[in-house]
Amino acid sequence: MKFKLEIAPLNLDQTLGCGQTFRWRRLGDGLWEGPLGDQLVRMAQRGSILEVEARPGGKHARRLVQEHLRASDDVPEIQRKLAKDTVLAPGIAHVKGLRIVKMDEWECLVSFVLATYANIPRIAKMIETLSSRYGEEIVNGIRAFPTHDRLSEVSRTEMAGLGLGYRAEYIHSLCRTIDDESVSRLGKLSFSSLREELKELPGVGDKVADCVSLFGFGRLEAFPIDVHIERAFARLYHKKGPYSKLRTFASERFGEYAGYAQEYLFYNERLRAPGGACLFSKK
DNA sequence: GCCCAGGAGTGTG
DNA sequence: CACACTCATGGG
C-alpha cells in the first residue's frame, strides 16, 4: 500500500542517517527503506511531503510512520527554546529537519546495549544478525527485530557465537531479567524512576538508560552522554567531569527538550569526525 | 597493524 | 564520589 504524509520540518537523511537508529538503509537522496514493526517501509521525501510504501500494508502503517518520526512534535517551537542557548543558536539552522525518532522499546533496549563500545556500522551489523536469525519474516527475506520471547530461547552458547563480543552475555542475561510486561510497566514511570529501573538491567548504565528513555520511551528530557557528547561539551562549553555532573549541566541548560539538543550536538560532533564542518559556535 | 568505537561492571582509594 | 582496570572484537 502507498500513502502520503505531511511532516514538517523534516530532513529524512539527517533523521534516519545520524546514528540514533540502526536499521534504515539509504537508497538515494531522501529515499530510505527499513523494517518498522511488522512492515517493510520505503519512504521518499519530496519537500514536506513523505511518499510512503508499506508492505504488506495495513491500517496501522500510517500511524507507525507518524509515531516513528514523532510527527506531533512541534519542532520549530522546540528549536526556538533551544536557540536561547548561544552555543546552539548558530547551528540550529542546519538541523531544522533533524527529528528524534521513536523506536520500539524492546528493540531500542537491545540495540543500545549492543551499541556499547562499538562503532555504528558494527552496531547495525549485530542488529541485522539478530534480526535475520530470529526475527519474523515481513516480506521476501526481510525480517522484523526479534521479539523478547524468541530471543529468550537463544542459548548462552549460541548467543556467544554471533559476533557480539562481551555483549552476548548482556543480551542473554537481559532476556532473563525482563519481559514484555515489565517493559510496558516501565512506560508508566516518571523519567527519574524509569531511568533508575533501566539501570538495574544487565548491560544498562547511565548512557544506555538515557538512550532507551529518549529513543525508546520518548522522554525528550533525557540526555545521553557518550564520547562524542563529552568532546562537544569540552570543546563548546568547556565542561568536563563525571556523567552525573554533565547530565545536571545539560538538564539545567536544555530543560525539557534536552534530547533534541543532544541529537544536534551528536550530529555535529559525528559530522566533524574526519574533518567535517562545525555547525556550532565555540562561544 | 593500529586505533577506536553512541560503555558497563567491578574493585580500590 | 572519583578513578583504574577489564571485558571481546570488528570497522576504518
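Quick note on labels: first sequence line is chain A, next is B, and so on, each numbered from 1. Computed from a prediction, not measured in an experiment: that's the story for all the values here.
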**Study point:** Gap separating the CZ atom of A:Arg23 from the CZ atom of A:Arg143, nearest 0.5 angstrom
**Key:** 10.5 Å
Review point. Side-chain N or O of A:Lys125 less than 4.0 angstrom from OP1 or OP2 on C:dG11?
Key: yes
Check your understanding: What's the CD1-P distance between A:Ile123 and C:dG10, to the nearest Å?
Key -> 15 Å
**Study point:** Residue met sooner reading DNA chain B from 5', once A:Gly203 and A:Tyr117 are mapped to nucleotides
**Key:** A:Tyr117
Check your understanding: With a 4.0 Å cut-off on heavy atoms, is A:Glu263 in touch with a base, just the backbone sugar-phosphate, or nothing at all?
Key -> base
Practice item. Just call it for A:Phe215: base, sugar-phosphate, or nothing, with non-hydrogen atoms closer than 4.0 Å on any strand. Key: base
Review point. Going by distance alone, is a donor N or O of one side chain under 3.5 Å from an acceptor N or O of the other, for A:His60 and A:Asp38?
Key: yes
Review point. Side chain of A:Val227: nearest nucleotide among C:dA2, C:dG10, B:dG7?
Key: B:dG7
Review point. With a non-hydrogen cut-off below 4.0 angstrom, is A:Leu114 in contact with a base, only sugar-phosphate, or nothing?
Key: nothing
Review point. Is any NZ, NE, NH1 or NH2 atom of the basic residue among A:Arg46 and A:Glu6 found under 4.0 Å from an Asp or Glu carboxylate oxygen of the other?
Key: no
Point to revise | Inter-nucleotide P distance (B:dG7, C:dG12), Å rounded | key: 16 Å
Exercise for review: Ignoring the backbone of A:Arg167, work out which of B:dA8, C:dA8, C:dA2 is nearest its side chain.
Suggested key: C:dA8
Practice item. Give the C-alpha distance, both sets of side-chain angles, the deciding distance and a yes or no for side chain to side chain contact (heavy atoms under 4.5 Å, CB included) between A:Asn119 and A:Arg122. Key: CA-CA 5 Å; A:Asn119 56 33; A:Arg122 187 180 179 192; 3.2 Å; yes
Review point. C:dA2 C1' sits how many Å from A:Leu246 CG, rounded?
Key: 13 Å
Review point. What does A:Gly19 touch in the nucleic acid at a heavy-atom separation under 4.0 angstrom: a base, only the sugar-phosphate, or nothing?
Key: base
**Study point:** Rounded distance (Å) that lies between atom P of C:dG10 and atom CD of A:Glu128
**Key:** 17 Å
Practice item. Give A:Gln20 one of three labels, base, sugar-phosphate or nothing, depending on what nucleic acid heavy atoms sit under 4.0 Å from its own. Key: base
Review point. Between the side chains of A:Tyr237 and A:Asp85, does any donor sit under 3.5 Å from an acceptor?
Key: yes
Point to revise | Between C1' of B:dG7 and CG of A:Leu109, the distance in whole Å | key: 14 Å
Practice item. Select base, sugar-phosphate, or nothing to describe what A:Val113 touches, counting heavy atoms under 4.0 Å on all strands. Key: nothing
Check your understanding: Which part of the nucleic acid does A:Pro224 contact within heavy-atom distance under 4.0 Å: base, sugar-phosphate only, or nothing?
Key -> base
Check your understanding: Is the aromatic ring centre of A:Tyr166 closer than 5.5 Å to the centre of the six-membered base ring of C:dA8, with the two planes inclined by less than 30°?
Key -> no
Check your understanding: Which whole-number value in Å describes the distance from A:Leu164 CG to C:dG11 P?
Key -> 12 Å
Point to revise | Nucleotide of B:dA8, C:dA2, C:dG10 approaching A:Ser244 most closely (side-chain heavy atoms) | key: C:dA2
Practice item. For C:dG10 versus B:dG9, give the span between their C1' atoms, rounded off to a whole number of Å. Key: 22 Å
**Study point:** Whole-Å gap separating C1' (B:dA8) and NE2 (A:His172)
**Key:** 19 Å
Practice item. Write down the distance between CG (A:Asp206) and C1' (B:dG9), rounded to a whole number of angstrom. Key: 12 Å
**Study point:** Value in whole Å for how far the C1' atom of C:dA2 lies from NZ of A:Lys240
**Key:** 16 Å
Check your understanding: Which of the following nucleotides, C:dA2, B:dG9, C:dG10, is nearest to the side chain of A:Tyr170?
Key -> B:dG9
Practice item. Check whether the ring centres of A:Phe249 and A:Phe233 lie less than 6.0 Å apart, and answer yes or no. Key: yes
